[in-house]
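Counting starts at 1 for both ligands and their atoms, following the listed order.
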Amino acid sequence: MGRLDGEVAIVTGAGTGIGAATAVRFVKEGASVVLVGRRREKLEDTARATGQPDRVAIVPGDVRDQKTVDAAIAAAMKLGGLHVVVSNAAVSHPVAFPGADFETWRDIFDIIVVGAFRFCREAAKVMIANKTAGRLVNVTSIHGTQAEPRASAYGAAKAAVNQFSRALSVELAPHNIRVNAVAPGFVDTPMSVYNGENELESDWFNRFYVEARKIPMARAGRPEEIASAILFLASQESSYMTGHVMIVDGGLTVTF
Ligand SMILES: NC(=O)c1ccc[n+]([C@@H]2O[C@H](COP(=O)([O-])OP(=O)(O)OC[C@H]3O[C@@H](n4cnc5c(N)ncnc54)[C@H](O)[C@@H]3O)[C@@H](O)[C@H]2O)c1
């Protein structure tokens, strides 16, 4: 028996990385999944990877657009309802402060915060109307609590979504909707590649995070390891948890 048997989930940013791994895992656990993301061909790759095309729908679009959210909800209803939403889409390119222009800063902030807001809002409306004991899982980051240069937009947005998740958990608890977040550390996905270089394969990453054990587990995470945490919070295994930000970082943030 799967942990999500007969349920329907929406996963944003499902074409690559953590979102793709989550969608594949959810289907394995018995769910039908609506895949949302910018690039149709990447969503099709994920759909193929699930091996169950009849239990997958594809919605290409930008998470900032209301029409993307509406199309995703409609697709979920066609698959049989809406039980879980994973707001995972994000971009993270570095922006200098105060050097970067406002639009670049705003873009990163909006994809993360407006994207999560729109999907959580519409999902909550549907779940309340259908009396569904739903689960919202927002993928944030250790950047929501830890700081480094050139991550002001990304970090502020992730902190906002952490607090957004806590606030919603209180407001939606009377409706039996649980809201949690997963905050990954370094994970080997396309997000780690910047200007053609995978930072997780760089000398500085290896020296500082691996050899010097700044990450106590001395390695980056795999997308599937984050998907497991998301699954836990999306399933009944976490039935008494809400308003929690679960850090999954190989121990990185407990060191100094
Ligand atoms: N990889 C890491 O080290 C790491 C660390 C901490 C947190 N995270 C978080 O994990 C989540 C998944 O990232 P990932 O590592 O799998 O990277 P990724 O780049 O593979 O995945 C992000 C996905 O979001 C999609 N996306 C971006 N902007 C979008 C938009 N406007 N509308 C729709 N889709 C959009 C991208 O196309 C991509 O498929 C993100 O929220 C990210 O911030 C990643």
Side-chain angles (χ1 to χ4, degrees), residues 10-25 34-47 49 58-69 71-72 85-94 103-104 106-120 137-148 151 153-162 164-165 181-194 198-202 205 209 215 219-230 233 245-250 252-253:
I10 294 173
V11 179
T12 73
T16 56
I18 292 166
T22 301
V24 168
R25 183 71 194 274
V34 179
L35 311 175
V36 179
R38 288 176 302 186
R39 293 162 294 176
R40 173 179 286 278
E41 63 288 357
K42 295 285 180 198
L43 299 178
E44 284 169 352
D45 288 347
T46 303
I58 284 175
V59 175
D62 191 307
V63 290
R64 289 167 290 184
D65 293 344
Q66 183 63 33
K67 59 180 191 307
T68 306
V69 188
V85 172
V86 180
S87 288
N88 164 79
V91 290
S92 70
H93 34 271
E103 283 65 36
T104 308
R106 181 79 192 255
D107 233 32
I108 296 172
F109 196 84
D110 278 1
I111 290 170
I112 294 170
V113 179
V114 175
F117 177 84
R118 285 202 190 279
F119 274 83
C120 287
V137 183
N138 295 320
V139 181
T140 64
S141 169
I142 56 170
H143 274 94
T145 48
Q146 318 300 118
E148 68 174 349
Y154 184 71
K158 293 298 189 180
V161 177
N162 282 346
F164 178 56
S165 308
V182 172
F186 287 101
V187 187
D188 197 356
T189 73
M191 192 170 274
S192 317
V193 180
Y194 189 67
N198 185 344
E199 66 171 352
L200 306 183
E201 287 164 7
S202 64
F205 183 87
Y209 287 104
I215 299 173
R219 66 171 176 86
R222 294 184 293 272
E224 294 74 18
E225 293 175 309
I226 309 304
S228 290
I230 296 170
L233 292 173
V245 178
M246 182 185 277
I247 295 168
V248 186
D249 69 350
L252 173 58
T253 53

Thr12 backbone acceptor or donor facing Asn88 side chain under 3.5 Å: yes
Close approach of His143 to ligand 1, heavy atoms, under 4.0 angstrom: no
Which of the ligand 1 atoms, numbered from 1, are nearer than 4.0 Å to a heavy atom of Lys158: 40 (C), 41 (O), 42 (C), 43 (O)
Closest candidate by heavy atom, reference atom 38 (C) of ligand 1, pool Thr16, Asp249, Thr12: Thr16
Residue selection (non-hydrogen contact nearest atom 40 (C) of ligand 1) among Val139, Asn88, Val36: Asn88
Atom of Ala89, atom of Val63 and distance for their closest heavy-atom approach: CB-CG1, 3.9 Å
Atoms in ligand 1 with a heavy atom of Tyr154 nearer than 4.0 Å: 6 (C), 7 (C), 8 (N), 9 (C), 42 (C), 43 (O)
Heavy-atom nearest neighbour of atom 4 (C) of ligand 1 within options Pro190, Gly185, Ser141: Gly185
Protein heavy-atom partner closest to atom 32 (N) of ligand 1 - residue, atom, separation in Å: Val63 N, 2.9 Å
Non-hydrogen atoms of Ile108 and His93 that approach each other most closely: CD1-O, 3.4 Å
Shortest non-hydrogen separation from Lys42 to Thr16 and the atoms involved: CD-CG2, 3.8 Å
Selected option - heavy-atom contact closest to atom 22 (C) of ligand 1, from Ala220, Ala90, Gly17, Ser192: Ala90
Sub-4.0 Å heavy-atom contact, Gly61 with ligand 1: yes
Flag, side chain of Ser165 to backbone of Val137, donor-acceptor distance under 3.5 Å: no
Selection from Gly13, Ser92, Gly19 by shortest heavy-atom distance to atom 25 (C) of ligand 1: Gly13
Heavy-atom closest contact (Ser192 atom, Leu200 atom, distance): OG-CD1, 3.5 Å
Parallel, tilted or perpendicular: ring planes of Phe164 versus Phe117, cut at 30 and 60 degrees: tilted
Protein heavy atom at shortest distance from atom 31 (N) of ligand 1: Asp62 OD1, 3.0 Å
Main-chain N/O of Arg64 paired with Asp62 side-chain donor or acceptor, under 3.5 Å: yes
Interatomic distance, Tyr154 atom OH to Thr140 atom OG1 [nearest 0.5 angstrom]: 8.0 Å
Identity of the nearest option to atom 44 (C) of ligand 1, non-hydrogen atoms only, from Met191, Arg38, Lys42: Met191
Nearest candidate to atom 7 (C) of ligand 1, where distance is taken over non-hydrogen atoms, out of Thr189, Thr140, Val187: Thr140
Salt bridge (Lys or Arg N to Asp or Glu O under 4.0 Å) between Arg118 and Asp110, intermediate numbers included: CA-CA 11 Å; Arg118 285 202 190 279; Asp110 278 1; over 6 Å; no
Contact with ligand 1 for Ala20, non-hydrogen, under 4.0 angstrom: no
Arg219, CZ atom: more than 12 neighbouring heavy atoms under 6.0 Å: yes
Residue, atom name and distance, where the atom is the protein heavy atom closest to atom 16 (O) of ligand 1: Ile18 N, 2.7 Å
Enumerated ligand 1 atoms positioned under 4.0 Å from heavy atoms of Phe186: 3 (O)
Nearest-contact summary for atom 6 (C) of ligand 1 - protein heavy atom, Å: Pro184 O, 3.2 Å
